[in-house]
Q: 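After the structure tokens below, expect a handful of questions from me.
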Amino acid sequence: MIIAIDGPAASGKGTLGKRLAAHYHFRHLDTGVIYRAVAKALIDAGADPADEARAVAAAHELDPEKFGHPALKTRAIGEAASVVSAFPGVREALLTFQRQFAAEPPGAVLDGRDIGTVICPNADVKIFVVADPVVRARRRTLEARSRGEDVDEAVVLADILKRDERDRNRPVAPLRAAADAHVLDNSNLDIEAGLMAAIAIVEAMKVARLHK
Ligand code: C5P
């Protein structure tokens, strides 16, 4: 089974994906870290994230072993990831890795922006997570502070809105809900309640499949 979770920045899809995968004993891939890793490779090399040729080259040379690096989570890397991810050549270079990850048994949960629309259009379950931008900024600020990052909530909000805007309006694989996605509004749900809502969607899809 493949579960695709998409949604805007800091909507809670990463935490949800991880918890949902643990619940079903599936593997989990936070695809945002892939674009973040490309961005970090460029920044570490002193290159501009807007340099398309270098971004595409970095995407081809990506080492999945580095996806767990804590520095990938910073705001600056998230912003740069949103720049490199708009390049078609970068997305193309990362497609096979994501599809292979999704296809391996016993099942997988992938979260990102284009999982239900481009990476796994035939996913068994598609969930599109939304949340009020103010709530998202609050959560992201608390998260960053817990890592010891000194961040201002208003700056985090502006950053999230800018990133959403760029991700929604890019010509390649823009952020949008697939036609067959279930929208899950996470604004007023804590982690546990969000997980329960997602499990209810998955279970309903399983029942619907049995009656097909
Ligand atoms: O989800 P996260 O904030 O880690 O993603 C960082 C950036 O990577 C996003 O703003 C988006 O531009 C890009 N991304 C993407 N497609 C995905 C996942 C992330 O374009 N499937």
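Order of listing sets the numbers, starting from 1, for every ligand and every atom in it. Atoms considered below: every heavy atom in the structure, side chains included; atoms not considered: hydrogens, waters and symmetry mates.
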Q: Taking R75 first and then E149, would you say they form a salt bridge - that is, a charged N and a carboxylate O separated by under 4.0 Å?
A: no

Q: Do R136 side-chain atoms and A9 backbone N/O form a donor-acceptor pair below 3.5 Å?
A: yes

Q: Could you give the N/O to N/O pairs under 3.5 Å linking ligand 1 and the protein, each with its distance?
A:
| residue | atom | partner | partner atom | Å |
| --- | --- | --- | --- | --- |
| ligand 1 | 1 (O) | K13 | NZ | 3.4 |
| ligand 1 | 1 (O) | R113 | NH1 | 2.9 |
| ligand 1 | 1 (O) | R113 | NH2 | 3.4 |
| ligand 1 | 3 (O) | R36 | NH2 | 3.0 |
| ligand 1 | 3 (O) | R113 | NH2 | 3.4 |
| ligand 1 | 3 (O) | R163 | NH1 | 3.0 |
| ligand 1 | 4 (O) | R36 | NE | 2.6 |
| ligand 1 | 4 (O) | R36 | NH2 | 3.3 |
| ligand 1 | 10 (O) | R113 | NH2 | 3.4 |
| ligand 1 | 10 (O) | R163 | NH1 | 2.7 |
| ligand 1 | 10 (O) | D167 | OD2 | 2.8 |
| ligand 1 | 12 (O) | S85 | OG | 2.9 |
| ligand 1 | 12 (O) | D167 | OD1 | 2.7 |
| ligand 1 | 12 (O) | D167 | OD2 | 3.2 |
| ligand 1 | 16 (N) | R91 | NH2 | 3.0 |
| ligand 1 | 20 (O) | S85 | OG | 3.3 |
| ligand 1 | 20 (O) | R91 | NH1 | 2.7 |
| ligand 1 | 20 (O) | R91 | NH2 | 3.4 |
| ligand 1 | 20 (O) | R170 | NH1 | 2.9 |
| ligand 1 | 20 (O) | R170 | NH2 | 2.9 |
| ligand 1 | 21 (N) | T31 | OG1 | 2.9 |
| ligand 1 | 21 (N) | R113 | N | 3.0 |
| ligand 1 | 21 (N) | D114 | OD1 | 3.0 |

Q: Just so I know, are the side chains of P174 and R168 near enough to count as touching, which here means a heavy-atom distance under 4.5 Å?
A: no

Q: Centroid-to-centroid, F97 to F67, below 6.0 Å?
A: yes

Q: Please determine whether side chain to side chain contact (heavy atoms under 4.5 Å, CB included) holds for the pair I5 and F128, giving the CA-CA distance in whole Å, both sets of side-chain angles, and the decisive distance to 0.1 Å.
A: CA-CA 6 Å; I5 305 181; F128 194 80; over 6 Å; no

Q: Is K126 reaching over with its side chain to a backbone N or O of P121, donor-acceptor style, under 3.5 angstrom?
A: yes

